[in-house]
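Notes for the one structure printed next.
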Amino acid sequence: MADPSNPTAGAADDDERTLLELERRYCSWGDTVHYADPPKFFERAEGSYLYDREGIPYLDLQMWYSAASFGYGHPRLKDALVRQLDRLPQLASQYLHTERVQLASALGRLNRSKFGLDGRVHFNVGGSQAIEDSLKIVRNSTHKNLVFAFMGGYHGRTLGASAITSSYRYRRRFGHFSDRAHFVPFPYCFRCPYDKKREDCGLYCLQQFEKNFETEYNSFWDPKAGESEFSAFYVEAIQGTGGYIIPPPGYFAGLKKILDERRILMVDDEIQMGMYRAGKFWAIENFDVAPDIVVFGKALTNGLNPLSGVWAREELISPDVFPPGSTHSTFSSNTLGTAVALEVVRMTGEIDYETIAREKGARFLEGLRTLQRRYPKVIGDTDGMGLALRMEICHEDGRTPDRDLTDRMFREGLAGRLAGRRALMGLVLDIGGYFKNVFTFAPSFEISEDDIDLAIDLLDQLIRRCAPPDRL
Ligand SMILES: Cc1ncc(COP(=O)(O)O)c(C=O)c1O
């Protein structure tokens with residue numbers, strides 16, 4: 001164990017046991033999640049694989065919550081980073097650099113072609129910070145603090161983002177949140193909040209939302225002034241942390257109509273689903289809706305030098321209404337991040353990620369459905385759109401969430417003792433969902449068909465090892 005009186009001792013200790021001791025003593029646990037106990041070290045990353053300190057490979061099916069969608073160590077993106085590192089590694093964001101302007105223009109043009117709307121792009125470094133910036137854009141243009149957001153939604157952990165994220169657990173220790181969002185049930189059809197059936201519900205949940213505006217006494221709407229007390233609705237087109245829940249057709253188009261009629265903005269959080277995760281550049285494109293504001297991060301730089309951003313309609317963000325310094329941050333349009341992001345956007349223009357995500361996603365989903373048919377007393381639901389896929393682990397009845405089994409499978413995947421094609425290997429999984437019983441899969445776009453089949457085989461092994469024998 002390192003000598004605590006020697007300030008540099010920790011740097012020299014690199015055996016795993018000592019590092020874990022040092023981590024327990026010197027690292028804040030508040031900036032991580034500590035799902036695995038003890039937490040897992042990795043040494044190397046390439047393509048769809050992480051390698052631990054013994055060199056054991058782990059097939060990664062969550063790719064850093066979709067931040068590394070294009071695969072670890074992607075050569076073209078790495079080159080873009082290195083080129084920028086050699087030429088203009090840093091620059092105060094008050095000065096301009098080429099990539100910043102080219103990236104904003106590329107995204108602005110892309111959104112013009114997708115949504116038919118003019119707009120501008122605003123940069124920051126993390127998803128939550130971009131959410132904060134979007135909240136300022138909303139408040140600045142509407143002069144209102146109150147927003148709607150979805151139950152099960154996740155928008156980050158800064159104070160503003162926590163206020164619009166549904167989990168009370170994330171707010172409980174941090175005082176009173178006076179402008180906490182009004183949370184609306186998400187159309188989670190497998191667990192319908194109104195106990196309806198998708199086949200004949202007539203989008204009952206949407207009707208319930210619209211009822212809020214029927215009379216002033218429902219508290220949302222002043223019919224005389226024709227004005228809502230609420231300025232915006234924060235949405236994830238497919239809920240990420242909520243468990244990769246895919247809404248039914250027609251829901252978002254109906255919601256946008258209700259909002260437009262009340263002059264309430266739609267803010268589309270694409271931080272986890274953006275950049276082709278759900279088969280289109282933006283997930284919301286799957287639902288034929290043009291949002292007023294789009295927030296993005298994660299895969300924009302494939303998890304290399306962080307960069308996030310907000311695109312907003314011109315009327316909301318033009319310098320006349322949102323002047324210089326409205327939200328400024330030292331690292332906002334950092335040169336390394338913009339260079340990699342520009343390469344990502346160029347790559348998505350040259351390579352058909354829509355087809356890649358659709359075809360690989362279909363193969364993965366077929367594998368999950370085979371498992372569901374094989375283990376009906378373990379898997380309650382499977383679904384997917386593009387390469388955003390889900391599998392709910394449930395008890396015998398196919399519905400009651402089985403969180404313990406989900407945790408056991410997660411831990412066994414990380415133990416690195418599964419039978420690979422040639423040697424032992426592991427599986428990196430992510431657990432999400434309202435009841436923490438959903439495996440949310442976000443494999444790399446580069447994953448091979450062989451590795452998709454291997455993933456299904458490894459999940460099968462996890463079920464056989466972890467589920468009680470009478471449920472197999
Ligand atoms: C949909 C969504 N919004 C916001 C965030 C917060 O982003 P960050 O963790 O970069 O602050 C996340 C992160 O997982 C997310 O998935």
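This is a predicted model, so every value here is computed, not measured. Note that ligands are numbered from 1 as they come in the structure, with each ligand's atoms numbered from 1 the same way. Hydrogens, waters and symmetry mates are skipped; everything else that's a heavy atom, side chains included, is used.
- Aromatic rings from Phe441 and Phe364 are positioned such that their centres are separated by under 6.0 Å.
- Considering backbone and side-chain N/O of Gly127, one or more are found under 3.5 Å from N/O of ligand 1.
- The distance from ligand 1 to the heavy atoms of Asp269 drops below 4.0 Å at these ligand atoms: 1 (C), 2 (C), 3 (N), 4 (C).
- Contacts between Glu236 and ligand 1, counted as non-hydrogen atom pairs separated by less than 4.0 Å, involve the side chain only.
- Checked against the 6.0 Å centroid criterion, the rings of Phe230 and Phe220 qualify as a close aromatic pair.
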Open item on the list: Using the rule given for side-chain hydrogen bond (donor to acceptor under 3.5 Å, both in side chains), can you reason through Gln84 versus Glu99, listing the C-alpha separation, both sets of side-chain angles and the distance that settles it, and then say yes or no?
Closed with: CA-CA 10 Å; Gln84 189 74 322; Glu99 292 77 11; 3.2 Å; yes

Task: Worked verdict on Tyr58 versus Tyr49 for ring pair (Phe, Tyr, Trp, His ring centres under 6.0 Å) - done: CA-CA 5 Å; Tyr58 293 73; Tyr49 284 87; 9.3 Å; no

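- Close placement of the Trp282 and Phe296 rings is indicated, their centers lying within 6.0 Å of each other.
- The nearest heavy-atom contact from the protein to atom 13 (C) of ligand 1 is Lys298 NZ, 3.0 Å.
- Close placement of the Phe233 and Phe150 rings is indicated, their centers lying within 6.0 Å of each other.
- Assignment of Tyr65 to the shell around ligand 1 is not supported, since no heavy atom sits closer than 4.0 Å.
- At a 4.0 Å heavy-atom cut-off, ligand 1 does not touch Arg157 at all.
- Close contacts of ligand 1 with Gln272, meaning ligand atoms under 4.0 Å from a residue heavy atom, involve 14 (O), 16 (O).
- Heavy-atom separations between Ile131 and ligand 1 are all 4.0 Å or longer.
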